[in-house]
Protein chains: 2
Amino acid sequence: MDVSVKGEYALRAVFELCSRGASEPVKIADIAAKQGIPQKFLELILSQLKQGGFLNSRRGASGGYSLAKSPEDITVGDVIRHIEGPLATTRLSDDHPRPSDSPFNDLWREVDAAVSGVIDHTTFADLLARWKEKRTRQAVSWQI
Amino acid sequence: MDVSVKGEYALRAVFELCSRGASEPVKIADIAAKQGIPQKFLELILSQLKQGGFLNSRRGASGGYSLAKSPEDITVGDVIRHIEGPLATTRLSDDHPRPSDSPFNDLWREVDAAVSGVIDHTTFADLLARWKEKRTRQAVSWQI
DNA sequence: TCGAATCCCTATCAATTTACTAGAGATTCA
DNA sequence: TGAATCTCTAGTAAATTGATAGGGATTCGA
């Protein structure tokens, strides 16, 4: 699996929204600034995430984006696959076919399963929990 | 992990050499024909595999390529990494840095470990054994 | 109801990567 | 010697990536 910059921007944007609890819509400009993402590029990504049913949006003054699902119902795999398309380690195209009985087919299936095992079982609620726990551990070690 | 066409050609070429036992050097043209790989492209790949210490070569009439190691000493990971470079799911470049304490770093490490767990523990001897076993199972089911 | 703030949509683009191809040179062996 | 093979350096068309440009459509507040 290769996660493109765009893919990671999408994940960071969703994470940012998760980390703010539900509440008010957040402006693109705010997310862009907080996460260090080019704003115009982020616009495209957020719009795509909305198409995927991950986000809601509202226009106009005091508009912005908000989560359409709760963090425990969004997995990393969901977001990546929606942004990057299917995640096979080898894509078989019309131009580069591979015999259906190649010695590598089983191997690629194993790899794909291993990757899915991680990203499809990690929700943004998990990420947020780990993140918070990490931050508090750091805070404690500072005090010592 | 994304395996490029070039990467898979490299794997197929090594597999082809493994499947022929040791013996005589095999010509590029033969490997290309047997595996359906553009010959000139394969030349570059085989040369690169030689640089990596996987293959030996001999020029001239009756020349060709042969294995430099035995199949149980070559893993799929070795070959892919040598052809494709390091296999991180997200490469951090000068242009697209990520804070060293991003919430995703641990996740990417998990994914990389999961992938490595598969490809670094699969040798070409394994692939060959599985392949042979699969073929004989098919042969048996034909007879029934 | 006006207008400012925001999301929305389409188009374009430079740089890089990918998957090759071309052609000549260097070795080996018979 | 000369034919067969590997070796090396370029070049290249197509696709992808990571953006940018410039408006248009909504919404809300005053």
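Convention: sequence-line order gives letters A, B, ...; per-chain numbering from 1.
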Give a yes or no on whether the backbone of Glu133(A) and the side-chain of Thr136(A) come within a donor-acceptor separation of less than 3.5 Å. yes
Quick one: ring-ring contact (aromatic ring centres under 6.0 Å, His included) partners of Tyr9(B), sequence neighbours excluded?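 For Tyr9(B) the ring-ring contact (aromatic ring centres under 6.0 Å, His included) partners, ignoring immediate neighbours, are Phe41(B).
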Minimum side-chain heavy-atom gap Glu110(B)-Ile119(A) below 4.5 Å: no
Any non-hydrogen side-chain atom of Arg12(A) less than 4.5 Å from a side-chain atom of Ile31(A)?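 No - every pair of side-chain heavy atoms lies 4.5 Å or more apart.
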Flag if over 12 foreign heavy atoms under 6.0 Å of CD, Glu24(B): no
Determine all donor-acceptor pairs shorter than 3.5 Å in which one atom belongs to a side chain in residues 55-67 of chain A; sequence neighbours excluded.
| residue | atom | partner | partner atom | Å |
| --- | --- | --- | --- | --- |
| Ser57(A) | OG | Lys50(A) | NZ | 2.8 |
| Arg58(A) | NH2 | Ser62(A) | O | 3.3 |

d([atom1], [X]; [atom2], [N]) in whole Å:
{"X": "Gln39(A)", "N": "dC8(C)", "atom1": "CD", "atom2": "P", "answer": "13 Å"}
{"X": "Phe41(A)", "N": "dC9(C)", "atom1": "CZ", "atom2": "C1'", "answer": "16 Å"}
{"X": "Leu44(A)", "N": "dC8(C)", "atom1": "CG", "atom2": "C1'", "answer": "10 Å"}

Note: contacts of residues 25-38 of chain B with DNA chain C (heavy atom, under 4.0 Å) are Pro38(B)
When you measure from every atom of DNA chain C, which of residues 82-98 of chain A have a heavy atom less than 4.0 Å away? His96(A)
Terminal contacting nucleotides, 5' and 3', DNA chain D versus chain B (heavy atom, 4.0 Å):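 Nucleotide range with atoms under 4.0 Å of chain B: dA4(D) to dA19(D).
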Looking at Val3(B) and Thr90(A), what are the two nearest heavy atoms and their distance?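 For Val3(B) and Thr90(A), the tightest heavy-atom pair comes out as CB-CG2, 3.7 Å.
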Validation: residues 124-131 of chain A side-chain donor-acceptor distances under 3.5 Å, sequence neighbours left out:
| residue | atom | partner | partner atom | Å |
| --- | --- | --- | --- | --- |
| Asp126(A) | OD2 | Thr123(A) | N | 2.9 |
| Asp126(A) | OD2 | Thr123(A) | OG1 | 3.3 |

Donor-acceptor pairs under 3.5 Å, side chain of residues 79-87 of chain A to any protein atom, not counting sequence neighbours: which ones?
| residue | atom | partner | partner atom | Å |
| --- | --- | --- | --- | --- |
| Arg81(A) | NH2 | Asp120(A) | OD1 | 2.3 |
| Arg81(A) | NH2 | Asp120(A) | OD2 | 2.5 |
| Glu84(A) | OE1 | Ser4(A) | OG | 3.1 |
| Glu84(A) | OE2 | Ser4(A) | N | 2.9 |
| Glu84(A) | OE2 | Ser4(A) | OG | 3.2 |

Salt bridge (Lys or Arg N to Asp or Glu O under 4.0 Å) contacts touching residues 30-49 of chain B (sequence neighbours left out): Glu16(B)-Lys34(B), Lys40(B)-Glu43(B)
Between the first and last five pairs of the helix from dT1(C)-dA30(D) to dA30(C)-dT1(D), the angle of the axes, rounded to 10 degrees: 10°
Spacing of [X] atom [atom1] and [Y] atom [atom2] [to the nearest 0.5 Å]:
{"X": "Leu49(B)", "Y": "Leu42(B)", "atom1": "CG", "atom2": "CG", "answer": "8.5 Å"}
{"X": "Ser47(A)", "Y": "Ile45(A)", "atom1": "OG", "atom2": "CD1", "answer": "10.5 Å"}
{"X": "Thr75(A)", "Y": "Lys69(A)", "atom1": "OG1", "atom2": "NZ", "answer": "8.0 Å"}

Stepwise side chain to side chain donor-acceptor pair (under 3.5 Å) check, Gln48(A) with Lys6(A): CA-CA 11 Å; Gln48(A) 200 175 334; Lys6(A) 183 181 178 186; 3.0 Å; yes
Between Asp112(A) and Arg109(A), does a salt bridge (charged side-chain N to carboxylate O under 4.0 Å, His left out) hold up when you go through it step by step? CA-CA 5 Å; Asp112(A) 289 345; Arg109(A) 261 194 291 274; over 6 Å; no
Ion pair present between Asp101(B) and Lys134(A), side-chain N to carboxylate O less than 4.0 angstrom? no
Below 4.0 angstrom, which residues in residues 2-21 of chain A have at least one non-hydrogen atom near DNA chain D? Ser4(A), Val5(A), Lys6(A), Tyr9(A)
Taking side-chain contact (heavy atoms from CB on, under 4.5 Å) as the criterion, tell me which of Val111(A), Val115(A), Thr89(A) meets it with Val118(B). Val111(A)
Protein proximity profile, nucleotides 23-30 of chain C - base contact B, sugar-phosphate-only contact S, no contact -, cut-off 4.0 Å on heavy atoms: BBBBBBS-
Could I get the full list of salt bridge (charged side-chain N to carboxylate O under 4.0 Å, His left out) partners for Asp73(A), not counting sequence neighbours?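 With sequence neighbours excluded, Asp73(A) shows a salt bridge (charged side-chain N to carboxylate O under 4.0 Å, His left out) to no residue whatsoever.
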